[in-house]
Amino acid sequence: MRDVKAPLQAALRQALHSLGIEAPGPIPVDLAPKGKPGDYGSPIAFQLARKLKKSPVEIASALRDSLPEIPGVREVHAVGGFLNFTFDPAYLVTAASEPPSPNPKRGEKVLIEHTSVNPNKELHVGHLRNVALGDAMARILDFAGHPVEVINYIDDTGLQAAETLFALDHYRLEDSGGEKFDHFAGKAYVRLHKDLEDESVRSALGPKIREVVKRLEQGELREAVARILDAQLETMWALGASYDALVWESDIVREGLLQKALDALAKTPYVRRMDEGKYRGAIVFDTSEFIPGLEDPYLVLVRSDGTATYTAKDIAFQLWKMGVLEGLRFKPYTRQPSGKTLYTSAPDGEPMAFGGAKRTVNVIDVRQSYPQAVLKAALKALGRDDLAEGHVHLAYETVLLEGRPLSGRKGHVVSVDELLEEATRRAREVIAEKNPDHPDPELAARQVGLGAVRFAMVKTEPRRQIDFRWQAVLSFEGDAAPYLQYAHARAASILRKAKAEGLDWQQGADPTLATPHEVALAKAMLGFSEAVEKSASEHTPHLLANHLLDLAAVWNAYYNAKENGRPATPVLGAPPGLRELRLKLVESLKETLRIGLTLLGVPAPEVM
RNA sequence: GCGCCCGUAGCUCAGUAGGAUAGAGCGAGCGCCUCCUAAGCGCUAGGUCGCAGGUUCGAAUCCUGCCGGGCGCACCA
């Protein structure tokens, strides 16, 4: 898809240059508002007014006179200081008739860590936001041209995993195979926590649980953890996620990365063992130079009993991600539904080209902003300000369920498996009602169910708390994935019919026949690449999600456009020349929607 | 208390590297299937952009203060 804004910016820059003015930064160009002349416009003259001590109107008019020829631009208007451009309709429609394509791969690899669910329980709606955001970001960054590597971190030495494994053993629970194992294990965990509310039980079981933590750190219980992880992976894959590698926390420890990280930090002036005070005997990191405003800037890396905190391991992991430390080995773990092989860190593996990225995106909820800031501080403490710059914490707010915080103990949770099943069931019902002759209702139901669930997680800005409400998520009307999918299916239907009629629209399109309806659609389509790039650079899929909603709305309006009570934009029934033009545009629109949906992990059904 | 984030239509949200009359969806009211899928489209009603100052030719967007709400301030993560 051709970029129509870049040539405008280039021309403006050139005009400025010929007037002896250097543009201060990027030159703003946007769609002209409704009711104003031109298709695109720039307020550049306003920005220069003060510096040049001239009125915007004067500057705009001088600029207009100095502009070079711009391909496709028919007229340039200076309107009250704005500089607007009217394109040849044929040019815009032709530009939009070419679907978007991925940017060629360029630059340094971006390592994105997401999911990283404790291997002790089934996934719930809170985890869902992480997977949906992380997977969408990976797809978007990839499309935008970045080499991307996706890591799922397995916190197998944490207390949570230990408690679940302990509970399974303690209650002598044998799974009969009737239940997905992560759900089964999760129940043991919940039961244990109920029992731990009793003080005497807690003091009796505490040492035994710590024993399990120790065994986990030795890597002894890896298979037991893997059994839970494998069940969780089923859910992650069902969501459409895919990973390059699993990195196990126990491997960070066993391969010596933790020790290397601690050794390196110990050589800096910021890390030392405390001789007195509340941290006596612990090794702490004084972050005050890097994180201002803290009452207590000391972060414990190694407890006085000699055990390392999670944050210490996370620092080691971050240093590995950025190539400061090396030493993890990998081997194939399994083949994913995406077709990609999933690798795992393993002591009996081989060195592989994972890690060593200059830029990392850590998808993790906002409550962990402080430990994430500590990772950045650790990089700076080691003198790697360059890498600290490349550390991005994609901090997303938590998910509420029907207005209240999630709570496993109060049973106020919804598992992802349950959610997908329910969404699919609802979709099945709607399809049976709306399209009883559907050729493959089960496929469409799964596509619509999954789409609704994933889209609900990415359409809102990450830093905003979202309230998961069954009624809204399962509503297949309005501002939601089914709206986009329906728009896509409508376009697909037209193309299917055209093919059935034996039409060939690759030739014979006459772009000079384009009406304002096609131009409006084309302009909406031409905003796609910018939306993707902005989503990539700002690390948020919601910009793309909102662009797609806008695009689908324009397309639906096009589809329904009427003049004098008659359909104004028939595609198949249009006269030759215009018909082919419309078919090409519809084909490109369909492809644009399909790509956009795919980048968000939302399936694009051919028939709904 | 200190720090970070959020206050935009009845509800849920876009819009914030300053730009042209603040936009959607849901909900309310009225219309549109002899026309390529009505999961759609059109129209109407609904907003002192939390409040008060400030900077600017121009502020929902930047600065300051205040008022609401969320989160974080453990030898947890």
Side-chain angles (χ1 to χ4, degrees), chain A residues 25-26 28 30 32-36 41-44 46-47 49-50 55-56 79-82 84 118 155 158-160 274 278-284 291-296 298-305 307 309-311 314 364-371 373 395 397-398 400 405 427 430-431 433-435 438 448 459-461 463-467 469 471-472 475-480 482-483 485-487 489-498 542-543 545-547 549-550 552-553 555-562 565-567 569-574 582 586 607-608:
Chain A
D30 261 306
K34 258 176 267 170
K36 298 285 175 188
S42 175
I44 184 70
F46 288 91
Q47 299 182 355
R50 186 163 330 124
S55 79
V79 280
F82 285 91
N84 286 10
N118 273 311
D155 181 13
L159 189 60
Q160 312 218 31
M274 299 295 257
K278 73 190 260 211
Y279 296 117
R280 188 154 51 91
I283 296 176
V284 302
I291 311 174
L294 290 173
E295 276 174 35
D296 176 359
Y298 297 108
L299 182 107
V300 174
L301 297 175
V302 181
R303 303 182 186 97
S304 49
D305 69 0
T307 58
T309 59
Y310 177 92
T311 307
D314 214 14
I364 181 155
D365 81 64
V366 70
R367 292 172 300 183
Q368 294 202 39
S369 293
Y370 175 57
E397 258 294 353
T398 51
L400 301 178
V430 175
I431 291 162
E433 177 203 328
K434 308 258 184 195
N435 193 354
H438 197 292
V448 171
K459 77 166 172 184
T460 305
E461 213 183 350
R463 64 166 170 265
R464 191 182 284 276
Q465 195 166 52
I466 55 182
D467 186 7
R469 293 194 170 153
Q471 206 200 350
S475 156
F476 294 150
E477 278 167 24
D479 232 342
Y483 180 80
Q485 295 174 312
Y486 185 66
R490 270 183 153 174
S493 171
I494 293 174
L495 297 172
R496 211 165 36 240
K497 286 208 160 76
H542 91 281
L543 298 172
N546 282 289
H547 169 75
L549 286 170
D550 181 55
W555 159 237
N556 277 324
Y558 178 88
Y559 186 96
N560 281 302
K562 289 197 177 62
R566 306 289 312 161
T569 53
V571 176
L572 300 175
R582 286 179 172 168
V586 169
V607 187
M608 272 175 81

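Naming convention: chains lettered A, B, ... in sequence-line order (proteins, then strands); numbering from 1 in each chain. Keep in mind the model is a prediction, meaning the values are calculated, not measured.
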Check: Taking atom C1' of B/A24 as reference, at what distance in whole Å does atom NZ of A/Lys34 sit?
Finding: 11 Å

Notebook entry, point to check: Choosing from B/A38, B/G15, B/G70, which nucleotide comes nearest the side chain of A/Arg490?
Noted result: B/A38

Check: In Watson-Crick or G-U wobble terms, both distances under 3.5 Å, what is the partner of B/A17?
Finding: none

Notebook entry, point to check: Of the non-hydrogen atoms in A/Tyr559 and A/Thr569, which two are nearest, and what is the gap between them?
Noted result: O-OG1, 4.1 Å

Item checked: Closest contact, heavy atoms only, A/Pro28 versus A/Ser42 -> O-OG, 2.6 Å

Margin query: What's the closest nucleotide to the side chain of A/Pro482 if the choices are B/A77, B/C57, B/A39?
Written below: B/A39

Next item on the list: Considering only atom C1', compute the distance from B/A20 to B/A59 and round it to an integer number of Å.
Entry: 14 Å

Margin query: Distance check, C1' atoms only: B/G15 and B/G19, in whole angstrom units.
Written below: 13 Å

Next item on the list: Round to the nearest Å and state the distance from A/Gln47 atom CD to B/G18 atom C1'.
Entry: 8 Å

Notebook entry, point to check: Quick one: are A/Gln160 and A/Asp155 in side-chain contact, heavy atoms under 4.5 Å?
Noted result: no

Next item on the list: Specify the separation, in whole Å, of atom CG of A/Asp30 and atom P of B/A20.
Entry: 9 Å

Next item on the list: Look at all strands and tell whether A/Lys278 reaches a base, only sugar-phosphate, or nothing, counting heavy atoms closer than 4.0 Å.
Entry: base

Notebook entry, point to check: Does A/Lys434 have a side-chain nitrogen or oxygen under 4.0 Å from the phosphate oxygens OP1 or OP2 of B/A39?
Noted result: yes

Check: With a non-hydrogen cut-off below 4.0 angstrom, is A/Gly41 in contact with a base, only sugar-phosphate, or nothing?
Finding: base

Notebook entry, point to check: Between B/C41, B/A39, B/G72, which nucleotide has the shortest distance from any of its atoms to the side chain of A/Ala557?
Noted result: B/C41

Checklist line | Exercise: identify the closest heavy-atom pair between A/Ala427 and A/Phe476 | finding: CA-CE1, 3.3 Å

Note to self: Both distances below 3.5 Å, Watson-Crick or wobble geometry, any strand: find the nucleotide opposite B/C30.
What the structure shows: B/G42

Notebook entry, point to check: If you check the A/Ser493 side chain, which of B/A77, B/U12, B/C36 turns out closest?
Noted result: B/C36

Item checked: Sugar-phosphate, base or nothing in reach of A/Thr309, heavy atoms under 4.0 Å -> sugar-phosphate

Item checked: Side chain of A/Asp155 (C-beta onward), nearest among B/A17, B/A77, B/G40 -> B/A77

Item checked: Distance, P atom - from B/G40 to B/C4, rounded to whole angstrom -> 43 Å

Notebook entry, point to check: Is a side-chain donor or acceptor of A/Asn546 paired with a backbone partner of A/His542 at a separation under 3.5 angstrom?
Noted result: yes

Check: In whole angstrom, what separates A/Asn556's CG from B/G40's C1'?
Finding: 6 Å

Margin query: When you compare the ring of A/Phe82 with the six-membered ring of B/A20's base, are the centres less than 5.5 Å apart and the planes under 30° from each other?
Written below: yes

Checklist line | Length of the OH-P vector between A/Tyr483 and B/A24, whole Å | finding: 11 Å

Check: Minimum heavy-atom separation for A/Tyr279 to A/Met274, with atom names?
Finding: O-CB, 3.3 Å

Note to self: In this structure, how many angstroms lie between the C1' atom of B/A74 and the CG atom of A/Leu299, rounded?
What the structure shows: 10 Å

Check: If you take atom types as modelled and just measure distance, does the side chain of A/Gln368 reach the base of B/G72 with a donor-acceptor pair under 3.5 Å?
Finding: no

Check: With rounding to whole Å, what would you report as the distance between B/C75 and B/A9 at their P atoms?
Finding: 43 Å

Checklist line | Of the listed nucleotides B/G1, B/A39, B/A77, the one nearest the side chain of A/Tyr310 | finding: B/A77

Next item on the list: Take atom C1' in B/U56 and the same atom in B/G47, then report the distance between them in whole Å.
Entry: 25 Å

Check: With distance as the sole criterion, do the side chain of A/Ser304 and the base of B/C75 form a donor-acceptor contact below 3.5 Å?
Finding: yes

Check: How close do A/Leu572 and A/Ala498 get, heavy atom to heavy atom, and via which atoms?
Finding: CD2-CB, 3.6 Å

Notebook entry, point to check: Which part of the nucleic acid does A/Val607 contact within heavy-atom distance under 4.0 Å: base, sugar-phosphate only, or nothing?
Noted result: base

Checklist line | From B/A24, B/A77, B/C36, nucleotide with atom closest to A/Thr311 side chain | finding: B/A77

Margin query: What contact category does A/Gln485 fall into here, base, sugar-phosphate, or nothing, at under 4.0 angstrom with non-hydrogen atoms?
Written below: nothing

Checklist line | Atom C1', compared across B/A60 and B/U8: separation rounded to whole Å | finding: 7 Å

Checklist line | Identified pairing partner of B/G25, criterion: Watson-Crick or G-U wobble below 3.5 Å | finding: B/C11

Notebook entry, point to check: Using the P atom in both, what is the distance from B/G50 to B/C6, to the nearest Å?
Noted result: 12 Å

Next item on the list: Just compare B/C32, B/G19, B/A14 and give me whichever is closest to any side-chain atom of A/Lys562.
Entry: B/C32

Notebook entry, point to check: Given the P atoms of B/A22 and B/A45, what is the spacing between them in whole Å?
Noted result: 14 Å

Margin query: Whether the side chain of A/Asp365 and the base of B/A77 hold a donor-acceptor pair under 3.5 Å is what I'd like checked.
Written below: no

Notebook entry, point to check: Heavy atoms under 4.0 Å, any strand shown: does A/Arg280 hit a base, just sugar-phosphate, or nothing?
Noted result: base

Note to self: Side chain of A/Tyr279, heavy atoms from C-beta onward: which of B/C41, B/A20, B/C75 has the nearest atom to it?
What the structure shows: B/C75

Next item on the list: Quick one: sort the A/Trp555 and A/Tyr558 rings into parallel, tilted or perpendicular, breaks at 30° and 60°.
Entry: parallel

Note to self: Quick check: on RNA chain B, is the nucleotide nearest A/Ala282 upstream (toward 5') of the one nearest A/Leu543, or the reverse? Name the residue that is more 5'.
What the structure shows: A/Leu543

Next item on the list: Mind calculating the distance between CZ (A/Arg464) and C1' (B/A14) to the nearest angstrom?
Entry: 9 Å

Next item on the list: Using a 4.0 Å heavy-atom cut-off across all strands, classify A/Glu477 as base, sugar-phosphate, or nothing.
Entry: sugar-phosphate

Next item on the list: Just call it for A/Glu461: base, sugar-phosphate, or nothing, with non-hydrogen atoms closer than 4.0 Å on any strand.
Entry: base

Margin query: Closer than 3.5 angstrom, by distance alone: can the side chain of A/Arg582 be matched with the main-chain N or O of A/Pro570 as a donor-acceptor pair?
Written below: yes

Check: Side chains of A/Met608 and A/Ile431: does their closest heavy-atom pair fall under 4.5 Å?
Finding: no

Next item on the list: Ignoring the backbone of A/Glu397, work out which of B/G70, B/C6, B/A39 is nearest its side chain.
Entry: B/G70

Checklist line | G-U wobble or Watson-Crick pairing nucleotide for B/A52 (cut-off 3.5 Å, both distances) | finding: B/U64

Check: Mind telling me whether B/C26 is syn or anti, cutoff 90° either side of 0?
Finding: anti

Item checked: Residue met sooner reading RNA chain B from 5', once A/Arg496 and A/Ala49 are mapped to nucleotides -> A/Arg496

Note to self: My understanding is that a pair needs two contacts under 3.5 Å, Watson-Crick or G-U wobble. By that rule, which nucleotide pairs with B/G72?
What the structure shows: B/C2

Next item on the list: Give the rounded distance in Å between these two atoms: NE2 of A/His542 and C1' of B/A24.
Entry: 13 Å

Next item on the list: Considering just the side-chain nitrogens and oxygens of A/Arg367, establish if one lies under 4.0 Å of OP1 or OP2 belonging to B/C71.
Entry: no

